[in-house]
Number of protein chains: 2
Amino acid sequence: MATSAAAVLPALPATHPCHGCAARELALCGVLQEGELATFKSLGGHQQMSPGQPLFHEGDPTTQVFNITRGSLKIYKLLPDGRRQVMGFMFPGDFLGISISDEHAFTAEALEPTHMCRFARNRFDDFVEERPDMERRLYSLAAHELAAAQAQMVLLGRKSAAERLASFFLDLAQRAERLGRAPVTAIDLPMSRLDIADYLGLTKETVSRVLAQLKQKRLIRLVTLNRIEILDREGLDAIAQGLTDN
Amino acid sequence: MATSAAAVLPALPATHPCHGCAARELALCGVLQEGELATFKSLGGHQQMSPGQPLFHEGDPTTQVFNITRGSLKIYKLLPDGRRQVMGFMFPGDFLGISISDEHAFTAEALEPTHMCRFARNRFDDFVEERPDMERRLYSLAAHELAAAQAQMVLLGRKSAAERLASFFLDLAQRAERLGRAPVTAIDLPMSRLDIADYLGLTKETVSRVLAQLKQKRLIRLVTLNRIEILDREGLDAIAQGLTDN
DNA sequence: ATCAAGAATTGAGGCAGATCATCTTATTCG
DNA sequence: CGAATAAGATGATCTGCCTCAATTCTTGAT
């Protein structure tokens, strides 16, 4: 069951609808051949969203699944009194639709202008059911997400504020590297400080303060408000893993 | 992909090795027919563990997968300095092996005398690969676990100590009900207060104190140290969801 | 039964991060 | 461009949970 995406994909003709899709190798589509890809593509459509626009709400029927191709989203749950927990952020290549429930377990909302492929869920399921590769890929995605969720439980249950921020930045860097296939020292933060706080189980004030500490320790630098540069990755790593008192 | 376990299973002859297995309908095996079940069973063996005994450690190669049939386990991750996050507790019917990594992401340790079916991972994978039902079931399990992990993130990121305890007890009650198919008012706690604390992101002292509060509010009663009775489920529910100040 | 050892409870005080308030810096829009 | 508005940073104070320290209870061995 330890199946991973095909390492090499055949080049597509420039006229193919998926040609040039930044997400292709990373997403579900990665396991499909050219012919299948066309069939797959024909199942659904394309969709764009503007910042702040919700894709769906917690509790909505899950009639569609999505594949992010550009931009980013946050997904979150709310408690009745308004407390919010951000479950994660989605970037190009990420698949939004791992669930066997009829209702969405969370709300999804665009952080910036965002593009995605959209599929009717029943047609998607039918398509997947006939392609063992695809099923295995889906399982693999779910298993990865589960591992990530468990890492986040450690963060939320046992890490200090500084450890949480450091872990978060490193995680973002790694995801950017997976997308770009090259080492990354500067990271975009398309989400607000409040989003970060709600993701890390903190308040926006604490996020600001810890950010200031990390800056002062010369571990990071704020290029702009929404873009940081990692100055000392080893130092950040040491903090993230709890190897230093902070 | 919204496949669930078969609702009704054919009765097995009393001589069948899986006859009387408390976990059969719940576990992976639930989708298998009698013939297949025998084949499946022949892939692996049975194993018993005593309290405190580790099944495997974080980082160990994942050469086997397991299906709990009796007893219970805790699974946890450690930070380098010894801080611990318990990721969850496993009961009969639960499957231990959702992963595509070559190394275990956590340590698993028996809480009480515990029995399980054991399968070599490569043989298990081969078996699964030929049975789409089984693959779908595995995906379904992973999706469920992911949803549970996300609920736990809300708990760890945003709930108060009392809310965490209340949520925990209700969750245990629901799991017991899924196993026994009958309403449950008394719950066994095979884990220590420290295990509970490390699961809920608290200390054992806080767990003790909140337990005392819930007792005093007549929401629960301690039958013994390791068994509580739920006296007011609605009240607990209200707390768990954060509908009451506590 | 009695004792020992571990587990759980209870108490006192401290602290990391929350809350509330203010100020500063971006961004938007007329 | 400049005012309006929102986002972020910073300061002061508060508090829920943690830490450290005794007890008390439970359990298993003799």
Side-chain angles (χ1 to χ4, degrees), chain A residues 50-52 74 79 81-85 111-113 155-168 188-216 220-228 239 242 244-246, chain B residues 50-52 74 79 81-86 111-113 155-166 168 188-216 220-228 239 242 244-246:
Chain A
S50 20
K74 63 182 169 197
L79 289 177
D81 66 352
R83 276 174 289 175
R84 191 174 69 138
Q85 179 65 38
L111 292 170
E112 50 185 328
L155 180 148
L156 292 170
R158 288 294 176 234
K159 288 190 180 176
S160 73
E163 289 163 3
R164 293 178 200 207
L165 256 297
S167 302
F168 175 59
D188 275 313
L189 302 175
M191 68 294 288
S192 71
R193 300 291 189 266
L194 179 58
D195 290 335
I196 297 175
D198 284 347
Y199 178 58
L200 300 178
L202 302 168
T203 60
K204 58 188 199 302
E205 291 92 339
T206 298
V207 169
S208 258
R209 275 185 256 269
V210 172
L211 221 42
Q213 289 170 30
L214 297 176
K215 249 166 24 183
Q216 199 205 308
I220 61 167
R221 186 174 74 85
L222 255 72
V223 181
T224 71
L225 260 187
N226 295 304
R227 185 173 177 81
I228 64 158
I239 292 183
T244 146
D245 2 291
N246 45 78
Chain B
S50 20
K74 64 183 169 197
L79 290 177
D81 65 354
R83 277 175 288 176
R84 192 175 68 138
Q85 179 65 38
V86 171
L111 293 170
E112 50 186 327
L155 181 148
L156 292 170
R158 287 296 175 233
K159 288 190 181 177
S160 73
E163 289 164 1
R164 293 178 199 207
L165 255 298
F168 176 58
D188 276 313
L189 303 174
M191 68 293 289
S192 71
R193 299 292 189 266
L194 179 57
D195 290 336
I196 296 175
D198 284 348
Y199 179 57
L200 300 178
L202 302 168
T203 59
K204 57 188 200 302
E205 291 92 338
T206 297
V207 169
S208 258
R209 275 185 256 268
V210 172
L211 221 42
Q213 290 169 27
L214 296 176
K215 250 166 24 185
Q216 199 205 308
I220 62 166
R221 188 174 72 85
L222 255 71
V223 182
T224 71
L225 259 187
N226 295 304
R227 186 173 175 81
I228 64 157
I239 292 182
T244 147
D245 4 290
N246 44 78

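So you know, we letter chains A, B, ... as the sequences are listed, proteins then strands, and number each from 1.
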Note to self: Less than 4.0 angstrom between a side-chain N/O of A:R193 and OP1 or OP2 of D:dA9, yes or no?
What the structure shows: yes

Next item on the list: Would you mind telling me which residue lines up with the more 5' stretch of DNA chain D, B:K159 or A:K215, judged by nearest nucleotide?
Entry: A:K215

Notebook entry, point to check: For B:S208 and C:dA8, is the shortest distance between a side-chain N/O and OP1 or OP2 below 4.0 Å?
Noted result: no

Checklist line | Spacing between B:L194 atom CG and C:dT9 atom C1', to the nearest angstrom | finding: 14 Å

Item checked: Interatomic distance, B:I196 CD1 vs C:dA8 P [rounded to whole Å] -> 8 Å

Next item on the list: Could you tell me the separation between the CG atom of B:N226 and the P atom of C:dT9, rounded to a whole number of Å?
Entry: 9 Å

Next item on the list: Measure the shortest side-chain to side-chain distance between B:K159 and A:L79 over non-hydrogen atoms and say whether it is less than 4.5 angstrom.
Entry: yes

Checklist line | Rounded distance in Å - CG (A:L156) to C1' (C:dA16) | finding: 16 Å

Next item on the list: Remember a base hit wins even if backbone is also touched, and classify B:T224 as base, sugar-phosphate or nothing at under 4.0 Å, heavy atoms.
Entry: nothing

Check: Would you say B:I220 and B:Q213 make side-chain contact, with heavy atoms under 4.5 Å?
Finding: no

Margin query: Nearest to the B:L211 side chain among C:dA26, C:dG17, C:dT9, which nucleotide is it?
Written below: C:dT9

Next item on the list: Mind calculating the distance between CD (A:E205) and P (C:dA21) to the nearest angstrom?
Entry: 12 Å

Item checked: Rounded distance [0.5 Å steps], CG in A:D81 versus CZ in B:R158 -> 11.0 Å

Note to self: I want to check something: taking the side chain as every heavy atom from C-beta on, are B:D198 and B:K74 in contact at a cut-off of under 4.5 Å?
What the structure shows: no

Notebook entry, point to check: Once you round it to whole Å, what is the distance between P of C:dA18 and CG of A:D81?
Noted result: 15 Å

Next item on the list: Round to the nearest Å and state the distance from A:L111 atom CG to D:dA7 atom C1'.
Entry: 15 Å

Notebook entry, point to check: Checking only heavy atoms, does the side chain of A:R209 share a donor-acceptor pair with the base of C:dT19 at less than 3.5 Å?
Noted result: yes

Next item on the list: Report which part of the nucleic acid B:S192 touches: base, sugar-phosphate, or nothing (heavy-atom distance under 4.0 Å, all strands).
Entry: sugar-phosphate

Margin query: Quick check on side chain to side chain contact (heavy atoms under 4.5 Å, CB included): which of B:L156, B:L165, B:V210 does B:L202 satisfy it with?
Written below: B:L165

Next item on the list: With DNA chain C as reference, determine whether A:S160 or B:V207 sits nearer its 5' end, using the nearest nucleotide of each.
Entry: B:V207

Check: Expressed in angstrom and rounded to an integer, what is the separation of A:R83 atom CZ from D:dG16 atom C1'?
Finding: 13 Å

